[in-house]
Amino acid sequence: MKHIKYIPARGKDTGFILMCAVCAAGVIIGSLPAVSSVGADCPWLHQYLSPTLCGDTVFSIFARTLLSLLLFLAAAFLSGMFALGQPLGTALIFYRGAGIGISVSAVYAAGGLRSLPAVVVLILPFALAELFAAVIAAREVIRSSNELLRFMISGCKRSSERRSFRLYCIRFAVLALISFIISLSVPMVSYLFGSLL
C-alpha cells in the first residue's frame, strides 16, 4: 500500500479524452445527411466554420469566422461563471463539433470527391485548431464551475477565489488571441487556395 502514492494520477488525461470524444460525437452527428442538409442553411448550426459558408470576400470570411469564434468563447466564459456550468461546457463542445460536421458535409455535398482537397486544405487544419481551442475552453468552464461549486459547499479563502478568476480571465484572453490568429489565417488560405473549390 505504501507504493500507491507513486502511481500517476490519470484524471486530467481522462477528462480531456472524454471532452474530445464529445467533440467527435458532435462531428458525427453534424455529418449525418438529415442534420447537415438543414444545418447548411442555418448560420446558428454551421457556425461559419467553413470559408465557403462565410461569403465571397476576404473580409466577410475573416469577420464571420472571428465572430463565430468569439461568440463561442463568450458563451463558454459565461458558462464558467456558474457553479452548475459543467453541462453547458460539455454541450458547447458537442455543438462546436456538430458545426464542423455540418460544414464539411456542406462542402462535400456541393462537390463530391472533387471537394476532398478543399476540405483537407481549407477546412481540416482550422477545424482541428478550433476544436482544440473549444476543448480547452470547455475544460476551463468545468474547472471554474467545479471551483465555484466547491466554494459554495465548503467555503474557501476569498483571495484564492480572486486569483482563480484572474487566471480564468487570462486563459480566455489567450484563447481569444488564438481565435484572432485563426480568423486571420482562414481568409488568407482561402484566397491562396480558393481554386480548389
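Values below: all heavy atoms of this structure, side chains included; hydrogens, waters and symmetry mates excluded.
For the pair S190 (side chain) and V186 (backbone), a donor-acceptor distance under 3.5 Å is present. S144 places no side-chain N or O within donor-acceptor distance of the main-chain N or O of M81, the cut-off being under 3.5 Å. Under the 3.5 Å distance criterion, the side-chain polar atoms of S68 are matched with a main-chain donor or acceptor of Q47.
Closest heavy-atom contact between S79 and L88: OG-CB, 3.6 Å. Of all the heavy atoms in L66 and S183, the pair that sits closest is CA-OG, 3.1 Å. Of all heavy-atom pairs between L149 and Q86, the closest is CD2-NE2, 4.3 Å. The two residues G80 and Y168 have their closest heavy-atom pair at CA-OH, 3.2 Å. Closest heavy-atom contact between V104 and I123: CG2-CG2, 3.8 Å. Across all their heavy atoms, L49 and S103 have their closest contact at CB-OG, 3.5 Å.
Residues satisfying the side chain to side chain contact (heavy atoms under 4.5 Å, CB included) criterion with A129, sequence neighbours excluded, are I182.
Ionic pairing of E147 and R150 is not present here: no N-O contact between side-chain nitrogen and carboxylate oxygen is shorter than 4.0 angstrom.
The shortest side-chain heavy-atom distance between F126 and V189 falls under the 4.5 Å cut-off. At least one side-chain heavy atom of L92 sits less than 4.5 Å from a side-chain heavy atom of F72. Contact of the L18 side chain with the V22 side chain is not registered, since no non-hydrogen atoms from C-beta on lie closer than 4.5 Å.
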- prompt: Does the side chain to side chain contact (heavy atoms under 4.5 Å, CB included) test come out yes or no for L69 and R96, once each step is laid out?
  reply: CA-CA 10 Å; L69 293 171; R96 203 61 169 171; 3.0 Å; yes
message: Show, in sequence, the C-alpha distance, side-chain angles and deciding distance for I142 and T90, and conclude whether the side chain to side chain contact (heavy atoms under 4.5 Å, CB included) test is met.
response: CA-CA 8 Å; I142 292 170; T90 305; 4.2 Å; yes
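In this structure, CD1 in I61 is found 12.0 Å from OH in Y191, a value given to the nearest 0.5 Å. Note that the CD atom of E140 and the CG atom of L167 stand 9.0 Å from one another [nearest 0.5 Å]. Atom CG of L78 sits about 11.0 Å away from atom CG of L73, to the nearest 0.5 Å. Distance CG/N146 to CG/L84: 10.0 Å, rounded to 0.5 Å. One finds the CZ atom of R139 at 7.5 Å from the CZ atom of R171 (value rounded to the nearest 0.5 Å). Atom CD1 in I136 sits 10.5 Å away from atom CZ in F172 (nearest 0.5 Å).
In the hydrophobic cluster analysis, where Ile, Leu, Val, Met, Phe, Trp and Tyr join through side-chain heavy atoms closer than 4.5 angstrom, V141 is grouped together with L175. Hydrophobic clustering (side-chain heavy atoms under 4.5 Å, transitive across Ile, Leu, Val, Met, Phe, Trp, Tyr) keeps V120 apart from L192. The cluster map of Ile, Leu, Val, Met, Phe, Trp and Tyr, joined by side-chain heavy atoms under 4.5 Å apart, puts Y95 and F77 in different clusters. Cluster annotation: I93 and F132 are assigned to the same hydrophobic cluster (Ile/Leu/Val/Met/Phe/Trp/Tyr, side-chain heavy-atom contacts under 4.5 Å, transitive). Grouping the Ile, Leu, Val, Met, Phe, Trp and Tyr side chains by contacts below 4.5 angstrom, directly or via other members, places F94 apart from Y48.
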